[in-house]
Enquirer: 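Handing you this structure, nothing more for now.
Just the heavy atoms: all of them, side chains too, but no hydrogens, waters or symmetry mates, feed the values below. A note on names: the letters A, B, ... follow the listed sequences, proteins ahead of strands, and every chain is numbered from 1.
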Amino acid sequence: MRIANQWRSHHCAQLRAADAGKNVRLCGWVDRRRDHGGLVFVDLRDREGVSQIVFHPEEHPEAAEIGKALHAEDFVQVEGQVTRRPEGTENSSLATGEIEVIVQSVRLIGPCSPLPFPLDGVVENEDLRLSFRFLDLRRRKMLENLKIRHRVSGAVRAYLDAQGFLEVETPVLSKSTPEGARDFLVPSRLTPGSFYALPQAPQQYKQLLMVAGIERYYQIARCFRDEDLRADRQPEFTQIDLEASFVESEDIHFWVEGMLRKIFRDVFDVDLALPFPRMSYREAMDRYGSDKPDLRFGIELYDVGEIFRESDLKVFRAVLDQGGVVKAVNGKGLAHIAASELTGLEDLARSLGGKGLAYVRVESSGWKSPIGKFLTAGERDALARMLGAAEGDLILFAADRWDLACEILGRVRLRLADLSGKREGNAEWNFLWVTDFPLLAYDREESRWTSMHHPFTRPHSEDLPLLEKGHYGEIRALAYDIVLNGTELGGGSIRIHEADLQQKIFSVLGIDPETQEQRFGHLLKAFRYGAPPHGGVALGLDRLVMLMAGAESIRDVIAFPKNRHGVDPMTGSPSEVEPKQLRELGIAAGRRDR
RNA sequence: GGAGCCAUAGCUCAAUUGGUUAGAGCGCUGCCCUGUCACGGCAGAGGUUGCGGGUUCGAGACCCGUUGGCUCCGCCA
């Protein structure tokens, strides 16, 4: 690596005892200054690390004068002689700890104003960090995160290249398809009144590349979705996107597993055990109440409906009689959690649309519960047996529609795991494939069927008759999600490659033939020109790097993210534009009423 | 759009049940200090307690409103 030039002869982590006696030139930021009145020590920092430089007032008074006045984060260039540190003053925790540079001359090239926040401590105010992102990124941890991200990208490219994938770029100025997330729109000046859309994903382009005979495509692709933000959601984010022809689900699993193994080997020197376990969507929901279960701990859900089939407990009986389910989960050793915690769990259940949350504290004196007096001895025994309940446990029940009961207890399960300390600090890398998702889900509010994954997902061949019969909710998709420690890293599917099947699915989704032609005509047309079977997957690069870096937000692994309101406090984007710009585009900007 | 929690110095946080002049650490300014590495010591500056109203003899604390922040729900094919 080329380092030496007119600015510096070495970087700040380079010098060792063997360099003693050399005259060197270093550039860097003042990481810390220790002023002893006479002697002044400065830790000089660059990207690579830190070197201690020393100002001696007697030998180099002019340099020492400047050294005394240095501040944190000043950018300086120093010239001096590498010297072994005096016996007993070496710093073993520093790579350059055996030596120091005796400064002969120093130039203050970039003085630094007083810092708006400390670079070596916790800062809660994230907008302040984002406003000074160029300072925030000087933090060691942030640099480390960007390095991890860089190495992950490198491993991805190396692996997929070796597997015969071609990196192909697809347009950022793309076409709006109202299905799915809200599009970001870009007005067209050359076609006034018309808009490009920024891609939510390169989905249709990569399928067209398969029709084009590329066979194996990948891209580290920027994607855009105009939805509300979260800790793990940004309006623009990055996917590792790939697609291949003449493949089955197993091929995609093989590549994703191989790619992740290479990533973890290259970045952490960790060997992941392959293949990753597989679990059907149905089983994941039944046992863990989530389509992205965290399997680093147990706390499984049980269907206790049979126990209450003839029960006097009306809240359970009514649900069962209407075809719902009663499910339960056992919080081992949590019988004595605070009442406020229990209330919090009930609030959680209600916020998800549930009616409430029944509970039993299993205590030495018996079962303490609002529903306790309705439980017969037989029901208690059966519950205790099924849930393995013992003194000190907390049993929680949800009685509702199957999907809602599962979801509620799935969320309760995570809270119970937190209360038991089973999630935080758990260093395991637990990967899981979730398979056999339903192809379609019924949207109760809009009274229509929607795609669980996306409309290009292929149904299981043996479930195709269900499509003809109109049993849409029972059709399984050739779709799969990859989950890491309870976070959905990505998902994919085998796609539809026949125009007629694709049209049929569109119709089920309520898109009439005319609209199909308008929005997806290019794809349907392509399918009539020798389309190969194909499938693929997309992984969220930001989320993967976030988990690998131990970060709490994908904002910590993106150099210049937006805040929760989609605003970049540093540049002030989004911003208003000149009237002239709008006139050229033929659009008028409305102002939100205050 | 909805719910809950929060708002005190540049940063991170204190401030008995409502009671005198709102404190500490870091940072900042000045002075002292020749082997530190989170150097140390002395002194100083820095606050309309987010904003507006109310209750009270008295409000950082209690009440109402408002603005902003955080978390969750909705949304994210």
Enquirer: Just how far, in rounded Å, is P of B:A77 from CG of A:Leu523?
Expert: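 Between P of B:A77 and CG of A:Leu523: 18 Å.
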
Enquirer: Touch check for A:Arg182, heavy atoms < 4.0 angstrom, all strands: base, sugar-phosphate only, or nothing?
Expert: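 Contact class for A:Arg182: none.
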
Enquirer: Categorize A:Ser351 for me: base, sugar-phosphate, or nothing, with a 4.0 angstrom heavy-atom threshold over every strand shown.
Expert: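 Contact class for A:Ser351: sugar-phosphate only.
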
Enquirer: Which part of the nucleic acid, if any, lies within contact of A:Pro86, taking any heavy atom under 4.0 Å across all strands shown: a base, the sugar-phosphate backbone alone, or nothing?
Expert: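 Counting heavy atoms under 4.0 Å across all strands, the contact made by A:Pro86 includes a base.
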
Enquirer: Answer yes or no: does a side-chain N or O of A:Arg32 lie under 4.0 Å from OP1 or OP2 of B:A38?
Expert: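 Negative; the distance criterion is not met.
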
Enquirer: Reckon A:Asp35 touches a base, only the sugar-phosphate, or nothing at all at heavy-atom distances under 4.0 Å?
Expert: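 Base: the residue A:Asp35, judged by heavy atoms under 4.0 Å, touches a nucleobase.
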
Enquirer: Does A:Arg34 contact B:C33 through a side-chain donor or acceptor facing the base, at a distance under 3.5 Å?
Expert: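 No.
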
Enquirer: Paired with B:G44 by Watson-Crick or G-U wobble geometry, both distances under 3.5 Å: which nucleotide is it?
Expert: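 Partner of B:G44: B:C28.
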
Enquirer: Work out how far the C1' atom of B:C13 is from that of B:U8, and round it to whole angstrom.
Expert: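 The same atom, C1', in both gives a distance of 9 Å.
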
Enquirer: If stacking means aromatic ring centre less than 5.5 angstrom from the base's six-membered ring centre, planes under 30°, is A:His36 stacked on B:U36?
Expert: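 Given the distance and angle limits, no, they do not stack.
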
Enquirer: Output yes if the stacking criterion (under 5.5 Å between centres, under 30° between planes) is met for A:Phe117 over the base of B:C11, else no.
Expert: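 So A:Phe117 does not count as stacking on the base.
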
Enquirer: Taking any heavy-atom pair under 4.0 Å as a contact, classify A:His453: base, sugar-phosphate, or nothing.
Expert: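 Base, at least one base atom sits under 4.0 Å.
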
Enquirer: Pick base, sugar-phosphate or nothing for A:Arg415, based on heavy-atom distances below 4.0 Å to the nucleic acid.
Expert: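 Counting heavy atoms under 4.0 Å across all strands, no contact is made by A:Arg415.
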
Enquirer: Using a 4.0 Å heavy-atom cut-off across all strands, classify A:Glu100 as base, sugar-phosphate, or nothing.
Expert: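 Base contact.
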
Enquirer: So A:Pro455, base contact, sugar-phosphate only, or nothing? Heavy-atom distance under 4.0 Å.
Expert: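 The answer is base, as A:Pro455 lies within the cut-off (heavy atoms under 4.0 Å) of a base atom.
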
Enquirer: Taking pairing as Watson-Crick or G-U wobble with both contacts under 3.5 Å, can you name the mate of B:U21, or confirm there isn't one?
Expert: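 Check on B:U21: unpaired, no WC or wobble geometry under 3.5 Å.
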
Enquirer: Could you walk me through whether A:Glu498 and A:Gln502 pass the side chain to side chain donor-acceptor pair (under 3.5 Å) test, one step at a time?
Expert: CA-CA 6 Å; A:Glu498 307 95 320; A:Gln502 186 66 72; over 6 Å; no

Enquirer: For B:U55, which nucleotide in any strand shown is its Watson-Crick or wobble partner with both distances under 3.5 Å?
Expert: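 Check on B:U55: unpaired, no WC or wobble geometry under 3.5 Å.
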
Enquirer: Please work out if A:Leu509 contacts a base, only the sugar-phosphate, or nothing of the nucleic acid, heavy-atom cut-off 4.0 Å.
Expert: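 Result for A:Leu509 = nothing.
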
